[in-house]
Protein chains: 2
Amino acid sequence: MSIENANAGRAADVLFRTFADQIRLGQLKEGEALPPEREIVERYGVSRTVAREALQALASRGLIEARPRHRPIVRRPSYEAAFETVGTMIGRLMAKEEGVRALFEMRALIEVALARQAAKMATKTQVIQLEKALEANAQAIDDSAAFYETDRAFHAVFYEIPGNPALEAAHKGYATWLHPQWSIMPRHPQRNKINYEAHAAVFKSVHSGDADAAEDAMRAHMDAAWKQVCKTF
Amino acid sequence: MSIENANAGRAADVLFRTFADQIRLGQLKEGEALPPEREIVERYGVSRTVAREALQALASRGLIEARPRHRPIVRRPSYEAAFETVGTMIGRLMAKEEGVRALFEMRALIEVALARQAAKMATKTQVIQLEKALEANAQAIDDSAAFYETDRAFHAVFYEIPGNPALEAAHKGYATWLHPQWSIMPRHPQRNKINYEAHAAVFKSVHSGDADAAEDAMRAHMDAAWKQVCKTF
DNA sequence: GACCTGTTTTGGTACGACCAAAGTGGAGCC
DNA sequence: GGCTCCACTTTGGTCGTACCAAAACAGGTC
């Protein structure tokens, strides 16, 4: 590796930063393949070991997408990809109650705010969307697996209403990371019905444009859900 | 690599998952060093290239902490570490206005909700903390660099009030990723004073327990801030 | 007990070899 | 002229060996 980076630590880290900078500056564009490994070796004066470790780091941090037996390509950045990248670590935080609580409370803060915002600003189309999701939720009361899916879909509508990809990505993250808790929770039609009724209360408030009521209803729903989650510990 | 994982793709990916599972299941504990590379080679029947690539992936995803010339140790998972891990990718999203907007609006949603929650539930001690942060903000009006720091500190108090590490980590992430926008924004005492007054309005509402006013004040502040951010594009 | 020195352990890097998946180009056939 | 097949090339993936040097360790000496 060139001498001018002697203070920069491992050669693989230096090469990682070199490529990360090229990606950030648009010198390597989305969808574009990186150079072949043997060319990287020649161009940057490193071994294939160093080249491969730098590429591995780029892939692990979601900057490039490795494809079997192909040169990796620069990945389109997205909030969803970002959440996927940290999934393994966040998953570890789910092993402890305080990790689950932190995530759950952050989710609750956001969903309460989204419900409030929806009550204020949801379009007629969006309210209909919510109503359809609620109807599917009602239909699934007796089928706990389907109920879970429609429950998740109902909450997802709130994240979609503002049209912000970061929120939509966050919801997918939350749903994925909190799923282990959900999957061990006892589910039966009576409990499903209670959850459905909480959803209906939120919907009713949104439909009537009552932001305070929407906030209170979603808050109550999340609080009750947390109590259920606590039973999984 | 053992035959039973022949369908699992690259040997390095298989080994990555093996270690990730061991970490998740507590078989490798926080602070504990991973085995030496040469032992990994013997135990798992892979080459050092594969072992190093798996370790590189673990480090890049924040599961282990590599230390120069030392065996890596299992990293304590944290929301802060998770945000750091995706920093490079999120940084790329900041290269486009829609990426900045998505992150900013998510931040605004959260901070408005936090202001509202603070007005409802902040303790006397927390209100004093907020007041102190506001006072430091006032003192820094004529020094734009200091003003930025106190501005950030003032907002940080809202994230700290609920005592949720995920929120505190989120704030650090937002501040870091949105900093490039802030650093190219024109800053002068007059603008600083307007921002300070917006902070004062939020504080006043929190202090008097007026959740609606706190929400409106923080909403107005974030909307105005976004208009300033737009000037950087 | 502290210090020094030699040895060992270990991460970091280099290099060459080989395998096999995937792509490419040319020849032959219809 | 188009299609198919085959040989060759390109390239990622893995292996093994070698060497360097940072860091730790162990033993001896003061």
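Quick note: numbers below take in every heavy atom, side chains included, and nothing from hydrogens, waters or symmetry partners.
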[X] side chain, from C-beta outward: closest of [options]:
| X | options | answer |
| --- | --- | --- |
| A:His70 | D:dG12, D:dT14, C:dA22 | C:dA22 |
| B:Arg71 | C:dA17, C:dG11, C:dT13 | C:dG11 |
| A:Arg52 | D:dT14, D:dC15, D:dT11 | D:dT14 |
| A:Arg69 | C:dG11, C:dA22, C:dA14 | C:dA22 |

Exercise. Between B:Thr49 and B:Arg67, who's closer to the 5' end of DNA chain C by nearest nucleotide?
Worked result: B:Arg67
For this session: For A:Arg48 and for A:Ala12, locate the closest nucleotide of DNA chain C by heavy-atom distance; then report the residue assigned to the nucleotide nearer the 5' terminus.
Result: A:Ala12
For this session: Assign the ring pair B:Phe158 / B:His155 to parallel, tilted or perpendicular, where the plane angle (0 to 90°) is split at 30° and 60°.
Result: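 Answer is tilted, since the angle falls between 30° and 60°.
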Problem set entry | Aromatic ring pairing B:Tyr44/B:Phe19, orientation class (parallel under 30°, perpendicular over 60°, tilted between) | perpendicular
Exercise. In residues 34-43 of chain B, which residues come under 4.0 Å of DNA chain D by heavy atom?
Worked result: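 Going residue by residue through residues 34-43 of chain B, the ones with a heavy atom under 4.0 Å of DNA chain D turn out to be B:Arg38.
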Taking atom [atom2] of [N] as reference, at what distance in whole Å does atom [atom1] of [X] sit?
| X | N | atom1 | atom2 | value |
| --- | --- | --- | --- | --- |
| A:Gln56 | D:dG13 | CD | C1' | 12 Å |
| B:Arg10 | C:dC19 | CZ | C1' | 16 Å |
| B:Leu15 | D:dT14 | CG | C1' | 13 Å |

For this session: Test A:Glu37 against every option in A:Arg52, A:Arg43, A:Arg71 by the salt bridge (Lys or Arg N to Asp or Glu O under 4.0 Å) rule and name the one that passes.
Result: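 When A:Arg52, A:Arg43, A:Arg71 are each tested with A:Glu37, the salt bridge (Lys or Arg N to Asp or Glu O under 4.0 Å) holds only for A:Arg52.
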Problem set entry | Sub-4.5 Å side-chain heavy-atom contact between B:Trp182 and B:Arg152 |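 Not in contact.
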Exercise. Can you name the residues that form a side chain to side chain contact (heavy atoms under 4.5 Å, CB included) with A:Ala146, not counting sequence neighbours?
Worked result: A:Ala140, A:Asp143
Problem set entry | Carboxylate-amine/guanidinium contact B:Glu149 B:Arg187, below 4.0 Å |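 A salt bridge is absent here (no side-chain N lies under 4.0 Å from a carboxylate O).
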Exercise. Do any side-chain nitrogens or oxygens of B:Ser47 fall under 4.0 Å of OP1 or OP2 in D:dC15?
Worked result: yes
